[in-house]
Protein chains: 2
Amino acid sequence: MGERYLRSIRLLSECMQLFEQSSTRTVRKLGFTHSQFDIIATLGNTPGMTCKELGEKTLITKGTLTGVLDRLEQKGLVQRERGNDDRRQLFVKLTPCGEATFDDVFPKVVQNGKLRFNTYTDADYLQLETALGKLKQHLIDDSQ
Amino acid sequence: MGERYLRSIRLLSECMQLFEQSSTRTVRKLGFTHSQFDIIATLGNTPGMTCKELGEKTLITKGTLTGVLDRLEQKGLVQRERGNDDRRQLFVKLTPCGEATFDDVFPKVVQNGKLRFNTYTDADYLQLETALGKLKQHLIDDSQ
DNA sequence: TATTGTTATACTCTATAACTATA
DNA sequence: TATAGTTATAGAGTATAACAATA
């Protein structure tokens, strides 16, 4: 098993690195830092969440998060609202402008603005989805 | 085509995010920054390269690279040697200690210290490798 | 007392521009 | 003049610890 296992791991790592390089380039070109984009992507298509939850999902510690949110708020992309049931909590969500930015920017970054699947057949899609679906399940199980 | 295309993209993005979260956690636990690990991983299993080449591969600009290399040199993990043919160039490579660190740390990060393929059959491996191999080719072609 | 989020601090990463030395 | 790498600078991300407000 060892040999084959390492081959898959290396291939996975190479794809990740290539993908991250492209997405990093796109994110920077669009004027965002990695952390800022991570927050926009995490808040996109959600009703919002508390700072605590946002920090857990993005792996940004609370002290750091305050600063990153300050800058996003200054750009008019996110807003903070004090919670009603628990007055300690802040509820963070995208502003309409933030939503528009998400809709515009997210596909560009994920697609790298370039990655196309022109030559993909139905069978190719099926294979990719099946392989990634199984992998995703492993990654989720392992993240506990 | 649109629907299916988006489904693959989203799945890919989810795998990437899960993978990056785990690897970020591992890198930090091991006492490295993202950039430092990126450099160690890029230099690992190579005879070394110039600062220029290292900067192009890691997307770290030259001014930044100097500082990151300074700190890795201080930790005794990399060394810089003035080139013989072109005295302007610096040749950067891992020290023996850096190599040992790479051998120890790289698998832990890539495997997340946890990701196992216990339940993978030969067919699963083949499918993952085929799908990722095709994807890799697309990512390489698009990075030009 | 415990939890949520902010503030303060020190260090690292980041891009950019000016600089040194080689070519 | 052009290129490889350093230095200087200002802004952003990072973890940590101390703090205020709320529970």
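Keep in mind that this is a model prediction, so the values were computed, not measured. Residue numbers begin at 1 in each chain, while the letters A, B, ... track the order of the sequences.
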Nearest-Å distance, [atom1] ([X]) to [atom2] ([N])?
X: Lys52(B); N: dT22(C); atom1: NZ; atom2: P; value: 19 Å
X: Arg87(B); N: dT22(C); atom1: CZ; atom2: P; value: 7 Å
X: Met49(A); N: dG5(C); atom1: CE; atom2: C1'; value: 17 Å

Task: Step-by-step side-chain hydrogen bond (donor to acceptor under 3.5 Å, both in side chains) determination, Thr121(B) to Asp124(B) - done: CA-CA 5 Å; Thr121(B) 64; Asp124(B) 289 332; 3.2 Å; yes
Open item on the list: Can you tell me which residue among Val27(B), Thr58(B), Leu43(B), Leu59(B) is in a side-chain contact (heavy atoms from CB on, under 4.5 Å) with Asp38(B)?
Closed with: Thr58(B)
Open item on the list: At 4.0 Å (heavy atoms only), tell me whether Asp85(A) reaches a base, stays on the sugar-phosphate, or touches nothing.
Closed with: sugar-phosphate
TODO: Could you identify which residues of residues 54-73 of chain B place a heavy atom less than 4.0 Å from some atom of DNA chain D, listed by residue number, or say none?
DONE: Lys62(B), Gly63(B), Thr66(B)
TODO: Under 4.0 Å from any heavy atom of chain B: name the first and the last nucleotide of DNA chain D that qualifies, 5' to 3'.
DONE: dA2(D) to dA15(D)
Open item on the list: Any non-hydrogen side-chain atom of Thr101(A) less than 4.5 Å from a side-chain atom of Phe37(A)?
Closed with: no
TODO: Please tell me if the side chains of Arg80(A) and Asp70(A) come closer than 4.5 Å, counting only heavy atoms from C-beta onward.
DONE: yes
TODO: Might you point out which heavy atoms bring Ile39(A) and Leu54(A) nearest each other, and give the distance in Å?
DONE: CG2-CD2, 4.1 Å
Open item on the list: Return the OG1 to CD distance between Thr50(B) and Glu81(B), rounded to the nearest 0.5 Å.
Closed with: 13.0 Å
Task: Euclidean distance, Arg71(B) CZ relative to Phe32(B) CZ, rounded to 0.5 Å - done: 13.5 Å
- [ ] Take Arg82(B) and Arg82(A), find for each the nucleotide of DNA chain C with the closest heavy atom, and name the residue whose nucleotide sits nearer the 5' end.
- [x] Arg82(A)
- [ ] Would you tell me whether Gln36(A) and Lys75(A) have side-chain atoms, one donor and one acceptor, within less than 3.5 Å of each other?
- [x] yes
Task: Listed nucleotide nearest any side-chain atom of Ser35(B), set dC13(C), dG5(C), dT22(C) - done: dC13(C)
Task: First of Arg80(B) and Arg28(B) reached from the 5' end of DNA chain D, by closest nucleotide - done: Arg80(B)
